[in-house]
Amino acid sequence: MHQADGSGQLYALVDCNNFFVSCERALKPSLQGRPVVVLSSNDGCAVARSNEVKALGVKMGAPWFQMQALARRHGIVALSSNFTLYGDMSDRVVAILRDFSPEVEVYSIDESFLGIKGMDGQWATPSAMGQAMRQRVLQWTGLPVCVGVANSKTLAKLANHVAKKQPDFDSVCDFSSMTKSELDALLAHIDVNEVWGIGRKTAEHLRRIGINTVGVLRQASVNTLRTHFGVVMERIVSELHGVSCLGLDEAETPRQQIIASRSFGAPVMTVDALAEAVSSYVARACERLRGQGLVCGAVHAAIETSRFKESEQHYANGVTVPLHDPADDVRLLTGAALSGLRRIFRAGYQYKKAGVILMDLSPAAIRQHSLFDSVGMGVQSAQVMAAMDAVNALYGRDTLHLGSAGTQSRWMTRSDNRTPLYTTSWDELPRVRAG
DNA sequence: TCTGGGGTCCTAGGACCC
DNA sequence: TCTGGGGTCCTAGGACCC
């Protein structure tokens, strides 16, 4: 029986191996064992690689045209991406994981965090539970996964990394059952840039001050790190010590922005051609907007020439067009995007990419209760309550809070992390209303 | 010739208010 | 009008994630 230590949390990170490639293989078993890449739109570059392809040195994001020779030599199979398939397979994996724990955070299309504290009773160890997950997902979907277990999400990510890289772990690695010296020995050999939240820039910076491995990072002074790198690093290091700072985000939070953008197969020169692309992007973004019951307050339009052509001057520009009223009307949003496009269009360039971003999103239900016009003290409490009820029924009871900030009365704030000081909890609502 | 498409969070700096 | 502190709000840009 594994021992429950004092930290109180236990996370499993379940991550599908080479997800897009594995989905294609599940559909077409003859691809098993062969080198396979899945390509981005326009078959531009590799967005997923099988182990065989990784072994050939092909990097993530490598342009397809640059590996033609290699592909011919080794018989690499290149497939166009099929996101409908991947989304469907992802849903099936998540459904299986929910049988193992009710606490599931779907982190991305191919990975989920599970809260497994107290859920592993029917297995001898967390590792045994991980093996059970892995076998069931493989059996029911054909997808191979790796499982990392630890007392914090950041450590669980690292454990997953070890499970993937070190075959003797048999695809499941549990840090929580290791002794301190066992864990130290493992972390001493892991590069800092493998840590969740430490990217290229920060890793370079860390290396410059002599911090190369996770082991060294864990020993570094928290105060020094905090002054050099800010609060994010502070949190990362706490997590690396097994102190859980990042909780499980189980509820589906509404998007803050919706992006639709594409690179063009062939360059585009005219404003008309760009307008056509932009219109179609708005239409797709708008569909997602309404699907989530949101309205948008501003539309951002952007265009760009090729970043890779040295011979031509690079031009990239974008502009945000505010709307008079938040809306989800496709004609309104298209109009805004096109007026933005006309402002940034410059003739004579070969455009390779365009996109739109729907910004300043809010639940449409607020509109239905005319709350946008009624910010301030004069508003009827019943009206506020009705609107909040409607919104919270739609998005979960914590979507909106009533609160106030200083002398400025602020009837509603979205309960995102940026404004925690101004929100009061749902339970305090009646008191705030009475005041 | 051919180089993806989404997202989030944090910080710094300026405008503005009392 | 000047000086100054304390504070909020908004935005752009950077870094990161998959």
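Reminder, nothing fancy here: chain letters follow the sequence lines and each chain counts from 1.
A heavy-atom distance below 4.0 Å to DNA chain C is reached by these residues of residues 103-110 of chain A, ordered by number: Y107(A), S108(A), D110(A). Contact check of residues 273-288 of chain A against DNA chain C (heavy atom, cut-off under 4.0 Å) returns no residues at all. Of the residues in residues 63-99 of chain A, not one places a heavy atom less than 4.0 Å from an atom of DNA chain C.
Distances shown here put every side-chain N or O of K201(A) at or beyond 4.0 Å from the OP1 or OP2 atom of dC16(C). The shortest distance between the side-chain N/O atoms of S261(A) and the OP1/OP2 oxygens of dG4(B) is not below 4.0 Å.
Among the protein residues, K59(A) comes within range of no part of the nucleic acid, since none of its heavy atoms lies under 4.0 Å from any strand. Among the protein residues, A260(A) comes within range of the sugar-phosphate backbone only, with heavy atoms under 4.0 Å from sugar or phosphate atoms but none that close to a base. Residue contacts shown for L39(A) are absent, as no nucleic acid heavy atom lies under 4.0 Å away.
When each of F229(A) and S263(A) is assigned the nucleotide of DNA chain B with its nearest heavy atom, S263(A) is the one assigned upstream, toward the 5' end.
The nucleotide whose nearest atom lies closest to any side-chain atom of V232(A) is, among dC10(B), dG6(B), dG4(B), dC10(B). Taking only side-chain atoms of F308(A), from C-beta outward, the nucleotide of dC18(C), dG7(B), dT3(B) with the closest atom is dT3(B). Picking from dT11(B), dC2(B), dC17(C) the nucleotide with the shortest atom distance to the side chain of P267(A) gives dC2(B). The E111(A) side chain lies nearest to dC18(C) when the options are dG7(B), dG5(B), dC18(C).
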Considering only distance and modelled atom types, tabulate donor-acceptor pairs under 3.5 Å from the side chains of residues 97-111 of chain A, sequence neighbours left out.
unit_1: S101(A); atom_1: OG; unit_2: E103(A); atom_2: N; d: 3.0
unit_1: S101(A); atom_1: OG; unit_2: G115(A); atom_2: O; d: 2.6
unit_1: E105(A); atom_1: OE1; unit_2: K153(A); atom_2: NZ; d: 2.7
unit_1: E105(A); atom_1: OE1; unit_2: D249(A); atom_2: N; d: 2.9
unit_1: Y107(A); atom_1: OH; unit_2: W196(A); atom_2: NE1; d: 3.2
unit_1: S108(A); atom_1: OG; unit_2: D110(A); atom_2: N; d: 3.3
unit_1: S108(A); atom_1: OG; unit_2: D110(A); atom_2: OD1; d: 2.9
unit_1: S108(A); atom_1: OG; unit_2: E111(A); atom_2: N; d: 3.4
unit_1: E111(A); atom_1: OE1; unit_2: K157(A); atom_2: NZ; d: 2.8

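Among residue pairs with one or both ends in residues 295-332 of chain A, those qualifying as ring-ring contact (aromatic ring centres under 6.0 Å, His included) are Y315(A)-Y349(A); sequence neighbours excluded.
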remark   = Annotated structure of DNA chain C as dot-bracket, pair cut-off 3.5 Å, Watson-Crick or G-U only, | for inter-strand, is ....||||||||||||||

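Ring planes of H205(A) and F229(A): tilted class, angle from 30 to 60°.
Judged by distance alone, with hydrogens and angles left aside, the side-chain atoms of Y281(A) form no donor-acceptor pair with the main-chain N or O of A277(A) at under 3.5 Å.
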